[in-house]
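Basis for what follows: all heavy atoms, side chains included, without hydrogens, waters or symmetry-related copies.
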Amino acid sequence: MAYWLMKCEPSAYSIDNLEKDDCSSWEGVRNYQARNFMRDKMQIGDLALFYHSNAEPSGVAGVMKISRAGYPDHFAFDAEHKYFDARSTPDKPLWYMVDVAFVAKFAKILPLQQIKAEPRLTGIMVAQQGSRLSIQPISEEHFKVICELSGLKKI
DNA sequence: GCCAACGTTGGC
DNA sequence: GCCAACGTTGGC
């Protein structure tokens with residue numbers, strides 16, 4: 001059982017969208033490191049923080065659960081789609097995605113500023129300067145501290 | 001909207 | 001395989 005932090009711009013897809021949909025694919029990741037995490041490491045049942053990037057404020061918005069492990073991102077095969085990539089084919093997929101399921105929405109966004117200010121979260125990847133990785137592993141301890149700070153009692 | 005930090009591309 | 005140019009991310 002592993003823990004993750006996954007970024008998305010809420011203008012594209014937010015925790016509210018996921019709560020409404022209950023379940024969603026997490027397509028469009030076009031970074032090799034992030035892809036490797038999804039393809040090789042993420043397992044059904046893993047918990048992930050939903051991080052709103054480029055937002056007001058940016059921060060953790062809620063919790064979700066991996067409901068399907070890595071599988072080829074078929075949006076890369078569709079020439080009409082914005083995530084199209086000619087280098088990826090059904091035979092030799094280049095990009096992967098997972099499915100996520102809604103677990104909880106925080107009463108309030110936990111802003112990045114507060115994450116940076118919390119001593120128990122020292123060293124967390126999302127607070128590093130210039131951290132752009134959209135799929136990040138996170139320790140169980142950091143995960144729990146963030147849930148606690150957000151007032152979430154129980155997953 | 002600015003721009004620093006970072007990842008990727010491609011010429012050589 | 002180096003590295004400059006370019007594109008993207010994301011906080012501010």
Side-chain angles (χ1 to χ4, degrees), chain A residues 2-21 24-42 46-64 66 70-100 102-139 141-152:
Chain A
Y3 297 87
W4 306 95
L5 178 146
M6 300 169 77
K7 298 182 190 174
C8 188
E9 302 197 9
S11 58
Y13 196 78
S14 72
I15 190 76
D16 291 320
N17 293 123
L18 183 61
E19 180 169 25
K20 185 145 48 75
D21 295 344
S24 173
S25 53
W26 199 270
E27 68 272 14
V29 173
R30 295 293 179 264
N31 168 282
Y32 289 104
Q33 214 181 334
R35 177 206 66 183
N36 294 346
F37 284 134
M38 292 200 296
R39 188 189 58 188
D40 307 330
K41 302 289 185 197
M42 279 189 178
D46 285 358
L47 290 171
L49 301 171
F50 194 138
Y51 182 88
H52 283 182
S53 61
N54 259 316
E56 196 49 55
S58 292
V60 179
V63 178
M64 53 198 176
I66 307 304
Y71 62 105
D73 182 342
H74 54 79
F75 294 94
F77 308 148
D78 178 1
E80 306 294 309
H81 201 275
K82 64 172 171 170
Y83 292 138
F84 175 68
D85 186 339
R87 299 172 299 168
S88 187
T89 65
D91 277 352
K92 282 198 161 184
L94 183 60
W95 303 117
Y96 283 74
M97 60 186 178
V98 297
D99 289 352
V100 296
F102 178 83
V103 172
K105 176 186 170 180
F106 291 170
K108 276 171 56 183
I109 302 263
L110 184 72
L112 180 61
Q113 211 175 13
Q114 206 173 330
I115 292 171
K116 286 178 171 172
E118 170 56 50
R120 287 174 296 167
L121 296 176
T122 301
I124 192 172
M125 195 184 288
V126 75
Q128 308 288 344
Q129 185 181 16
S131 155
R132 290 171 31 177
L133 193 58
S134 64
I135 309 276
Q136 305 181 354
I138 180 175
S139 71
E141 188 193 343
H142 284 168
F143 184 92
K144 285 180 173 165
V145 168
I146 284 177
C147 289
E148 181 198 316
L149 288 175
S150 77
L152 199 65

- Under 3.5 Å, is there a donor-acceptor pair linking the side chains of Ser139(A) and Glu141(A)? no

- Tyr32(A) OH to dT9(B) C1', straight-line distance once rounded to whole Å: 10 Å

- Rounded to whole Å, the CZ-P distance (Arg30(A) to dG7(C)) equals 19 Å

- Is there a donor-acceptor contact under 3.5 Å linking the side chains of Ser14(A) and Glu19(A)? no

- So, Asp99(A) versus Tyr71(A): side-chain donor-acceptor pair below 3.5 Å or not? yes

- Mind checking whether Tyr13(A) and Trp26(A) have parallel, tilted or perpendicular rings, split at 30° and 60°? perpendicular

- Message: Looking at Leu94(A), is its backbone amide N or carbonyl O close enough to the side chain of Ser88(A) to form a donor-acceptor pair, meaning the two atoms are under 3.5 Å apart?
- Response: yes

- Message: dT9(B), OP1 or OP2 - any side-chain N/O from Arg87(A) closer than 4.0 Å?
- Response: yes

- Query: In whole angstroms, how far is the P atom of dC6(B) from the CD atom of Gln33(A)?
  - Reply: 12 Å

Nucleotide N/O to protein N/O under 3.5 Å, stretch nucleotides 10-12 of chain C:
from    : atom 1 : to        : atom 2 : distance (Å)
dG10(C) : OP1    : Lys7(A)   : NZ     : 3.0
dG10(C) : OP1    : Arg132(A) : O      : 2.8
dG10(C) : N7     : Asn54(A)  : ND2    : 3.3
dG11(C) : OP1    : Tyr51(A)  : OH     : 2.7
dG11(C) : OP2    : Asn54(A)  : N      : 3.0
dG11(C) : OP2    : Ser58(A)  : OG     : 2.8
dG11(C) : N7     : Asn54(A)  : OD1    : 3.3
dC12(C) : OP1    : Lys116(A) : NZ     : 3.1

- Note on the structure: Test ring pair (Phe, Tyr, Trp, His ring centres under 6.0 Å), reference Trp4(A), set Phe37(A), Phe143(A), Phe50(A), Tyr51(A), output is Phe37(A)

- Query: Could you state the CD-P distance from Gln136(A) to dT9(C), rounded to the nearest angstrom?
  - Reply: 14 Å

- Task: Return the value, rounded to whole Å, for the distance between atom CE of Met125(A) and atom C1' of dA5(B).
- Result: 15 Å

